Amino acid sequence: MEQKVHIFDTTLRDGEQVPGCKLNTKEKLTLALKLEELGVDIIEAGFPISSPGDFESVSQISRIIKNATVCGLTRAVQKDIEVAADALKYAVRPRIHTGIGTSDFHIKAKFNATQDEILARAIQAVTWARNFTDDVEFFAEDAGRTEDEYLARVVEAVIKAGATVVNIPDTTGYCLPHQYGAKIAYLMNNVPNVDKAILSCHCHNDLGLATANSISGAINGARQIECTINGLGERAGNTSLEEVVMVIQQHKHLGLFTNIKTQMLNPLSREVSETMRVPVQPNKAIVGANAFSHSSGIHQDGFLKNAQTYEIISPDQVGADGSKIVLTARSGRSALAYRFHKIGYEFNRDDIDALYQQFLKVADGQKEVLEPDLVQMAKAYLSANVTA
Ligand code: KIV
Ligand code: ZN
């Protein structure tokens with residue numbers, strides 16, 4: 001039987017940490033409703049103690065979201081947890097996400113503490129949070145660089161204290177996919193009470209491996225992935241929601257599924273990009289402007305014969321505008337004939353051979369040959385051939 005991977009969206013928290021991306025309450029509410037419609041299981045709405053504005057946003061999101069779990073982030077600090085609980089008090093399904101750094105870098109440099117002291121603080125934080133809600137997620141910050149044995153001790157202890165989800169963040173995006181997968185497998189095999197909680201992947205993209213690491217985590221037993229629309233997040237970003245969802249959908253043999261309405265992926269990507277004022281790179285998987293564009297002659301010829309030669313996903317599956325045949329100096333005759341046909345000109349093979357030479361001259365002089373260029377070329381060709 002297929003197993004569900006819960007999608008935990010943190011666009012409104014980790015995504016919003018991107019410089020210049022801060023959202024006001026109205027913008028957060030609008031996006032939260034869209035995320036719920038998209039089918040995400042958990043919306044991390046913010047970090048309530050961080051500012052009165054974020055408290056208000058989490059509080060208002062809690063009131064309007066009816067199906068998804070609404071989550072608030074905290075440090076392993078009592079006041080943070082109390083404030084988060086207050087912000088979440090109207091939520092139908094509230095979750096407190098609390099945690100602390102577990103790698104030696106964090107334990108020594110950030111906290112000047114010992115492993116045992118951090119373990120005690122982790123247990124304490126989960127215990128405080130459980131006073132407010134049954135749904136408590138614990139994050140072991142920098143788990144990617146935390147030694148497995150100690151991490152397993154922490155995970156076992158926080159589950160015993162009542163954590164229902166344990167987040168294993170690769171905070172610095174350091175792990176390779178097989179290492180991150182092995183870390184999840186180690187926890188699945190060595191934490192005696194692991195069946196009482198869900199392990200979660202929260203992978204950053206510093207080496208461009210966030211999606212691969214999250215998928216590797218899911219293959220090895222994690223059943224929640226934390227991600228953001230367009231991969232927004234600290235530094236090089238977080239795991240991209242659209243990518244992990246489509247990997248899971250494309251690779252059915254993994255035996256996994258999500259509840260995401262994939263047709264909403266492109267429209268929501270655009271909305272997030274506009275609201276947060278961060279353009280999407282054109283070659284971004286699934287939602288980039290070129291994700292369904294074909295520009296070289298070899299690809300265009302194959303695509304026009306059968307789209308599946310060069311597309312593994314159809315644009316309508318992910319709400320994209322449609323496949324595009326882009327004309328550049330690398331394009332071929334089939335593409336040229338196709339584009340003429342699209343604007344109402346039917347040319348035979350000899351016409352196209354002649355027009356193609358003209359086309360190459362224009363194409364060599366500019367980045368892309370556009371519709372007005374084609375119209376001009378067609379008119380010039382037809383008038384030359386009628387008068388001849
Ligand atoms: O990257 C990280 O470790 C985080 C935690 C706060 C979950 O964002
Ligand atoms: Zn993060």
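Source: prediction; values computed, not measured. Read the numbers this way: they start at 1 and go in the same order the structure lists the ligands and their atoms. Every heavy atom of this structure was used, including side-chain atoms; hydrogens, water molecules and symmetry mates were not.
Between D170 and K183 there is no salt bridge, since none of the side-chain N atoms of the basic residue sits less than 4.0 Å from a carboxylate O of the acidic one. Using a 4.0 Å cut-off between a side-chain N of Lys or Arg and a carboxylate O of Asp or Glu, E242 and K284 qualify as a salt bridge.
By the 6.0 Å contact criterion, NZ on K261 is enclosed, its count of non-hydrogen atoms from other residues, nucleotides or ligands being greater than 12.
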Checklist entry - For F139 and H97, what are the C-alpha separation, side-chain angles and deciding distance, and is it a ring pair (Phe, Tyr, Trp, His ring centres under 6.0 Å)? => result CA-CA 7 Å; F139 67 84; H97 187 192; 5.2 Å; yes

Checklist entry - Does the side chain to side chain donor-acceptor pair (under 3.5 Å) test come out yes or no for Q308 and N306, once each step is laid out? => result CA-CA 5 Å; Q308 286 181 26; N306 179 340; 5.0 Å; no

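By the 30° and 60° cut-offs, the orientation of the rings of Y345 relative to F347 is parallel. Ring geometry for H341 versus Y338: interplanar angle of 30 to 60°, hence tilted.
Residue-level proximity to ligand 1 for E44 is absent, since no heavy atom of it falls below 4.0 angstrom. Within the 4.0 Å heavy-atom criterion, the part of H202 lying near ligand 1 is the side chain and not the backbone. Contacts of T10 with ligand 1, taken as heavy-atom pairs under 4.0 Å, are absent altogether.
Between the N205 side chain and the A210 main chain, a donor and an acceptor come within less than 3.5 Å of each other.
Considering backbone and side-chain N/O atoms, E226 never comes within less than 3.5 Å of an N/O atom of ligand 1. Looking at ligand 1, you won't find any N or O of D142 less than 3.5 Å from one of its N or O atoms. Taking only nitrogen or oxygen atoms, main chain and side chain alike, H97 does not reach within less than 3.5 Å of ligand 1.
When only non-hydrogen protein atoms are considered, atom 7 (C) of ligand 1 lies nearest to N167 ND2, 3.6 Å. Nearest protein heavy-atom contact of atom 3 (O) of ligand 1 is T171 OG1, 2.7 Å. For atom 1 (O) of ligand 1, the closest non-hydrogen atom on the protein side is H204 NE2, 3.0 Å.
Per-residue contacts place P169 under 4.0 angstrom from the following atoms of ligand 1 (heavy atoms of the residue considered): 3 (O). Every atom of ligand 1 with a heavy atom of D14 under 4.0 Å away is listed here by number and element: 8 (O). Near E141, meaning under 4.0 Å from any of its heavy atoms, are these atoms of ligand 1: 3 (O).
D9 and T11 share a side-chain donor-acceptor pair at under 3.5 Å.
The N, O or S atom of D14 with the smallest distance to the Zn ion (ligand 2) is OD2.
Contact annotation: E234 has no heavy atom less than 4.0 Å from any atom of ligand 1.
Not a single N/O/S atom of E226, whether from backbone or side chain, sits less than 2.8 Å from the Zn ion (ligand 2).
A 4.5 Å side-chain heavy-atom check between F8 and T69 finds every atom pair outside the cut-off.
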